[in-house]
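Since the structure comes first, as structure tokens, the remarks are kept for the end.
On a predicted model such as this, the values are computed, not experimentally measured, just so you know.
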Amino acid sequence: MTSDQQRKAFPFSDFEPRWQDAWEAAKAFRTPNPGDADFDASKPKFFVLDMFPYPSGAGLHVGHPEGYTATDIIGRFKKMTGHNVLHPMGWDAFGLPAEQYAIKTGQHPRATTEKNIAGFRGQLKRLGFAYDWDREVNTTDPGYFKWTQWIFLKLYNSYVNDEGKARPVSELEAQGLSRDEIDARRLAYVSEAPVNWCPELGTVLANEEVIDGKSEVGGHPVERRPMRQWMLRITAFAQRLIDELDGLDWPEGIRLLQRNWIGRSEGAEVKFKVLSAQCSDLSVTVFTTRPDTLFGATYMVLAPEHSLVDQIVTEEQLSAVETYRERTARKSDLERTELAKEKSGVFTGAFAINPVNDARIPIWIADYVLLGYGTGAIMAVPGHDERDFEFAKKFELPIKQVVQPPEGKDWQGYTDNGITTNSGFLDGLSTLDAKHHITTWLEEKHLGKGTVNFKLRDWLFSRQRYWGEPFPIVWEDGKHRAIPESELPLQPPTLEDFKPTGTPEPPLSKATDWVRYSATATRELNTMPQWAGSCWYYLRYCDAKNSDRFVGEAAEQYWMGGGKPGGVDLYVGGTEHAVLHLLYARFWHKVLFDLGYVSTPEPFQRLVNQGLIMGEDGQKMSKSRGNVVNPDDVVDEYGADSLRLYEMFMGPLEQVKPWSMKGVEGVYRFLARVWRLVMETNQEGEWSFSASLQDAPADKKLNKVLHETIKKCGEDIEKLSFNTAIAQMMVLTNAFTQSAVRPVGALVTFLKVLSPFAPHLAEELFAIIREKFPQHVPGGFAADCTWPSYDPAALIEDEVEIVVQVNGKLRDRLTVARDASKDAIEKLALAAPKAQEFIAGQPVKKVIVVPGKLVNIVV
RNA sequence: GCCGAUGUGGCGAAACCGGUAGACGCAACAGACUUAAAAUCUGUUUUUGGGAAACCAGAGUGCGGGUUCGAGUCCCGCCAUCGGCACCA
């Protein structure tokens, strides 16, 4: 034994790597698939999924093992309770950071990515996770992204029918639609709209990747500019993405976040005639959620970019309008939000006619109206809308009351429901009734209609970067078309210089040979965003090696369809993906479901968010604060089991909690105590089998704690309440420590309960005990044994302690027989000396008896 | 501003359906072992007052009310911290 190991409280650094090697050599965690010889179809399935990591150069962070340990414990537990468990791991390895890191270090992203993956894999293996490594996926592997491209082609070749279902575009061909008409309905389509262009990153970004006008990656400024881009028609699924959240076992907060992001609002479109010197037959349609306030519209606002502005602007206002439009166009989104407090705008000189009362109202342009939402035009009701109110005050526009608020409230700027007033035929109606009434009226007169709008925009799906999946698309005569599936995977060209060009021209344009598809056709030069690979990786895990299909049918049906209601049974990850990955993946999954490729409409049945781990100082861990904890250091000093156990013991999984090295030492000492239940050390520091471990039955007290522990740990694992399960195991360990004779049978049972949490220690002690007491230790690995069942009889005490309260205050305690009657308990309680003292001769008004718990005497 | 989550010892936290608040761990203190220290084992540890002590009495789960025999838990009104959204008509 080395001196290094003598310093350790138990020899984890010897046995942890030894068992990791043994498990790997034996493929101890291989999960058979339907069709495999050793597959047992009679067992229920359990698919437990981690959000796969982005393999950065910085290596594993202590936040990673938090969720991974939780899923590992529950996966191991489910296996021990007779389930087929799918618990895989992989790498989300395309994306901006890898490319930037490669540029910075002068290496190819393929090389840095492979190095980073090897680093991550090594770190995860050191933690003893029960992954089936045969199912490892890597989004940058051609065998993987072949199918990402294949799914893209499914999107490209689909449209959404009248029932809101994705169907192949061949149906539209059959209906005789033209090429252009079909292109306009594809789920993957080309658009020229203004997009979020980030000059620093040299790429466009999705709305979800822009935060406060800056890029989510790196925090660089983002500007709007019109560019030709690939879009995915996620908006066609907006309603289903809201509705189908209802059946999911997700944290309410995340569902709400998605609902708000999709942002459904019900209202009406109203058509206003425009008075214009130049044209006679002009009109503007506005969207409003408050059609009931139509009589209160005192002006109208168009988005500055609105196409109608040019046609209606008067000569006197032309230069003011032009100046304002230029100023707005130059503003980045960031500036537009920063200036949100101060309203700005310009009168166009034109007027519109309010269809309900023929009132002539001025038309303004202002950047508080967004082109991309609704119709890009609003009717302003300053009396009952906060923004319109502010604007009207600033520009001295008329403010009119049309809603009567409840007693005692000022009507100016009152935005809630009330009674409609000053509104002709709507007077006296409640807001809700007035909305219905006016909508029907507008529809009858063909002046408008009820509509639903969503905040969600179509998903901007192309990036001007090198390190991503190339689109399986070629261009010819200005038209796009898919390449044949037989040409997949379409590999990116090998480029020495893959830096962004500094212009919207993607780096792939530099690969001139690759770009030329045929004499007349050239390849699409954009690449897909990082989210593409993570939209379907959980499906690939079901059948990771399949080269004929993105996932085999039998495998998909078993792992995703089996059980009720199907899908991934438990998905654990951080909140940061609430509106990105989790929304995108649901969208792709629904398309695949409609097309008949997967069995369920939703991919992730149960979602749990792990809480952030903060630094010891209570601040977010960051290099600049110097409070980052490296999991490798923790494993070196205390072992993998200690790291696993500590992260689970810190507090509830979902909670934000600070790191504490002292806390790690605490669980380390606990594991050492467990070790010393079996092993003892002599003066030289050599370990030998403990004499107190004997083949004897457990006494009643110890047996009770043992069975309580089996019961509580099983229940707590199901609830993901790992901290309390560990506390209970500590109680049991203390009981073993205090008992002079340690019954080997009971101890082995305890080790089974401990094994999902601290698999290395459990495995090592199994092996040690097996040498001396082979009859008490099952064969195979600890992970293969059956979860012990508890004996309800062992939990029952003959006598129970009853608390005696007088007027709700604790005054005495009694010990009574377990099955003592209510009457008997009441008599004993009234006779208790301390109770007597506090009753002090007063008449007893009432006595409440809770059997097994307490008696409350009311005087 | 809106939405969500969380407030319990010196610290991380427990407490099932309303029924003994503080399990378990950390830190601290004391004792045992040791020439000594570390490690280990055994205690004590919410707080205030009284007592040499076992113990006794009062207060106590962010604040203020309420329901109840009984509230950390349920209801009403506040406050604070964290996270998200933020001109979406």
Side-chain angles (χ1 to χ4, degrees), chain A residues 7 9 211-212 251-257 259-261 263-265 267 286-290 293 301 336-337 339-341 343 366-370 372-381 385-388 390-391 415 453-457 575-576 578-579 609 611-612 614 618 620 646 649-652 654-667 669-670 672-673 676 680-681 685 712 715 719 721 723-731 733-734 737-738 801-813 834 845-850 852-859:
Chain A
R7 271 203 349 262
I211 293 161
D212 293 336
E252 188 47 43
I254 300 291
R255 291 198 293 184
L256 210 73
L257 232 49
R259 265 190 219 107
N260 291 344
W261 186 264
R264 180 184 201 273
S265 46
V286 302
F287 173 72
T288 177
T289 54
R290 294 294 300 271
T293 62
V301 186
R336 252 171 114 147
T337 24
L339 298 170
K341 278 155 202 108
K343 291 275 177 295
D367 65 2
Y368 83 93
V369 173
L370 310 171
Y373 184 76
T375 60
I378 62 154
M379 62 175 207
V381 184
D385 181 278
E386 221 176 299
R387 298 146 300 183
D388 298 345
E390 257 177 65
F391 192 85
T415 56
N453 259 308
F454 295 95
K455 277 202 272 188
L456 186 70
R457 300 298 135 80
T575 349
E576 66 274 17
V579 288
N609 289 123
L612 211 61
M614 313 297 267
K620 224 178 201 164
Y646 172 65
F649 187 59
M650 291 173 85
E654 284 103 324
Q655 199 164 296
V656 178
K657 39 210 179 273
W659 187 267
S660 157
M661 251 346 162
K662 287 287 182 191
V664 182
E665 270 179 53
V667 292
R669 279 203 284 263
F670 160 65
R673 280 161 75 94
R676 286 197 309 271
E680 58 193 15
T681 182
K712 182 158 178 58
E715 288 166 356
K719 287 191 293 186
S721 179
N723 53 334
T724 51
I726 294 165
Q728 181 61 36
M729 288 191 282
M730 288 172 168
V731 171
T733 302
N734 293 344
T737 303
Q738 280 158 18
E801 192 187 64
I802 297 273
V803 167
V804 181
Q805 296 179 335
V806 178
N807 288 338
K809 286 207 165 80
L810 178 89
R811 295 303 179 189
D812 210 344
R813 294 159 200 273
K834 297 290 300 186
K845 289 189 199 137
K846 198 171 172 185
V847 180
I848 289 123
V849 181
V850 183
K853 289 261 181 202
L854 57 70
V855 179
N856 191 10
I857 301 165
V858 187
V859 294

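- Place A/Arg290 and A/Trp261 on RNA chain B by their nearest nucleotides, and A/Trp261 ends up nearer the 5' end.
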| Under the salt bridge (Lys or Arg N to Asp or Glu O under 4.0 Å) criterion, do A/Arg255 and A/Glu252 qualify, and how do the steps go? | CA-CA 5 Å; A/Arg255 291 198 293 184; A/Glu252 188 47 43; 2.7 Å; yes
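- Nearest heavy atom pair, residue A/Val579 against residue A/Leu257, reads CG1-O, 3.8 Å.
- Across the protein-nucleic acid pair, A/Asp367 atom CG and B/C87 atom P stand 11 Å apart, rounded to whole Å.
- To the nearest 0.5 Å, atoms CD1 (A/Ile802) and CZ (A/Arg813) are separated by 12.0 Å.
- From A/Leu456, atom CG reaches atom CG of A/Asn260 across 12.5 Å, with rounding to the nearest 0.5 Å.
- The gap from the C1' atom of B/A27 to that of B/U68 amounts to 40 Å, rounded to the nearest Å.
- In terms of modelled atom types and a separation under 3.5 Å, the side chain of A/Asn807 and the main chain of A/Val859 share a donor-acceptor contact.
- A/Lys657 contributes a side-chain N or O that, together with a main-chain N or O of A/Gln655, makes up a donor-acceptor pair within less than 3.5 Å.
- Shown here for A/Ala578 and A/Ile254, the closest heavy-atom pair between the two residues is CB-CD1, 3.9 Å.
- To the nearest whole angstrom, the two C1' atoms, one in B/G50 and one in B/C16, are 38 Å apart.
- For B/G9, the glycosidic angle deviates from 0 by 90° or less, giving a syn base.
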Heteroatom pairs (N/O) under 3.5 angstrom, protein to nucleotides 55-62 of chain B:
| unit_1 | atom_1 | unit_2 | atom_2 | d |
| --- | --- | --- | --- | --- |
| B/A57 | OP1 | A/Lys834 | NZ | 3.4 |
| B/G58 | OP2 | A/Arg811 | NH1 | 3.1 |

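- Atom-to-atom, CG of A/Leu256 to C1' of B/C3 comes out at 6 Å; the value is rounded to the nearest Å.
- In this structure, A/Tyr373 and A/Phe287 have perpendicular ring planes: the angle between them is above 60°, well past the 30° mark.
- Taking 4.5 Å as the limit, every side-chain heavy atom of A/Ile848 sits out of range of all side-chain heavy atoms of A/Gln805.
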| task | Decide side-chain contact (heavy atoms from CB on, under 4.5 Å) for A/Met379 and A/Thr293; before the verdict, give the C-alpha distance in whole Å, the side-chain angles of both, and the deciding distance to 0.1 Å. | result | CA-CA 10 Å; A/Met379 62 175 207; A/Thr293 62; 3.8 Å; yes
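- Judged by distance alone, with hydrogens and angles left aside, the side-chain atoms of A/Arg673 form no donor-acceptor pair with the main-chain N or O of A/Met730 at under 3.5 Å.
- Checked against ring-ring contact (aromatic ring centres under 6.0 Å, His included), A/Trp659 has the following partners two or more places apart in sequence or in another chain: A/Tyr646.
- Here the rule is side chain to side chain contact (heavy atoms under 4.5 Å, CB included) with A/Phe649, and of A/Val664, A/Ile726, A/Thr724 only A/Ile726 fits it.
- The side chain of A/Tyr368 contributes no N or O atom lying less than 4.0 Å from OP1 or OP2 of B/A89.
- B/G84 and B/A30 have their C1' atoms separated by 50 Å, given to the nearest Å.
- Of the P atoms belonging to B/U44 and B/C24, the separation is 11 Å, rounded to the nearest Å.
- For B/C17, the O4'-C1' to base torsion is within 90° of 0; the nucleotide is therefore syn.
- You'll find a donor-acceptor pair under 3.5 Å spanning the side chain of A/Lys343 and the base of B/C87, going by distance alone.
- Counting any heavy atom pair closer than 4.0 Å across all strands shown, A/Ser660 reaches no nucleic acid atom.
- B/A14 and B/G25 are spaced 15 Å apart, taking the P atom of each and rounding to whole Å.
- The nearest heavy atom of RNA chain B to A/Val656 and to A/Gly374 marks one nucleotide each, and the one closer to the 5' end goes with A/Val656.
- Within the 4.0 angstrom heavy-atom criterion, base atoms lie near A/Leu854.
- A/Ile254 has its CD1 atom 12 Å from the P atom of B/A5, to the nearest Å.
- On the C1' atoms, B/C79 is 25 Å away from B/G12, given to the nearest whole Å.
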Between protein and nucleic acid, restricted to nucleotides 39-43 of chain B and to nitrogen or oxygen atoms under 3.5 Å apart, what atom pairs and distances do you find?
| unit_1 | atom_1 | unit_2 | atom_2 | d |
| --- | --- | --- | --- | --- |
| B/U40 | O3' | A/Arg676 | NH2 | 2.8 |
| B/C41 | OP1 | A/Arg673 | NH1 | 2.7 |
| B/C41 | OP1 | A/Arg676 | NH2 | 3.2 |
| B/U42 | OP1 | A/Gln738 | NE2 | 3.2 |

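- Minimum interatomic distance between A/Pro251 and A/Asn609 (heavy atoms only, all atoms of both residues): CG-OD1, 3.6 Å.
- A distance of about 30 Å separates the C1' atoms of B/U67 and B/A13, rounded to the whole Å.
- Across all strands, A/Val731 comes closer than 4.0 Å only to sugar-phosphate atoms, never to a base (heavy-atom distances).
- Rounded to a whole angstrom, the distance from the P atom of B/C74 to that of B/C17 is 10 Å.
- Summarising the geometry, the separation between NZ on A/Lys657 and P on B/U6 is reported as 14 Å, rounded to the nearest angstrom.
- Between A/Phe649 atom CZ and B/C24 atom P the separation is 10 Å, expressed in whole Å.
- Distance, A/Glu390 CD to B/A86 C1': 13 Å, rounded to whole Å.
- Without hydrogens or angle criteria, A/Asn453 side chain to A/Ser265 main chain gives no donor-acceptor distance under 3.5 Å.
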| message | Quick one, A/Ile378 with A/Asp385, criterion side-chain contact (heavy atoms from CB on, under 4.5 Å). Give me CA distance, side-chain angles, the key distance, then yes/no. | response | CA-CA 12 Å; A/Ile378 62 154; A/Asp385 181 278; over 6 Å; no
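- Between A/Met730 atom CE and B/C26 atom P the separation is 7 Å, expressed in whole Å.
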Distances for protein N or O near nucleotides 66-73 of chain B N or O, under 3.5 Å:
| unit_1 | atom_1 | unit_2 | atom_2 | d |
| --- | --- | --- | --- | --- |
| B/C69 | O2' | A/Asn856 | ND2 | 3.3 |
| B/C69 | O2 | A/Asn856 | ND2 | 2.6 |

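- Comparing B/U20, B/A89, B/G25 against the side chain of A/Phe287 picks out B/A89 as the nearest.
- No donor-acceptor pair under 3.5 Å is formed between the side chain of A/Lys712 and the backbone N or O of A/Met729.
- When the shell of 6.0 Å around CD of A/Glu715 is examined, it contains more than 12 heavy atoms from other residues, nucleotides or ligands.
- Scanning all heavy atoms of the two residues, the minimum distance from A/Pro658 to A/Gly618 falls at CB-CA, 4.5 Å.
- Atom C1' of nucleotide B/C26 and atom CD of A/Glu665 are separated by 10 Å, given to the nearest angstrom.
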| task | Toss me the dot-bracket line for RNA chain B: Watson-Crick and G-U wobble, both under 3.5 Å, 5' to 3', using | for pairs to another strand and [ ] for crossers. | result | (((((((..(((......[....))).(((((.......))))).(((((....)))))..(((((..]....))))))))))))....
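- Residue contacts shown for A/Thr575 are absent, as no nucleic acid heavy atom lies under 4.0 Å away.
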What pairs of nitrogen or oxygen atoms, one from the protein and one from nucleotides 14-17 of chain B, lie under 3.5 Å apart?
| unit_1 | atom_1 | unit_2 | atom_2 | d |
| --- | --- | --- | --- | --- |
| B/A14 | OP1 | A/Asn723 | ND2 | 2.8 |
| B/C16 | N4 | A/Lys853 | NZ | 2.9 |

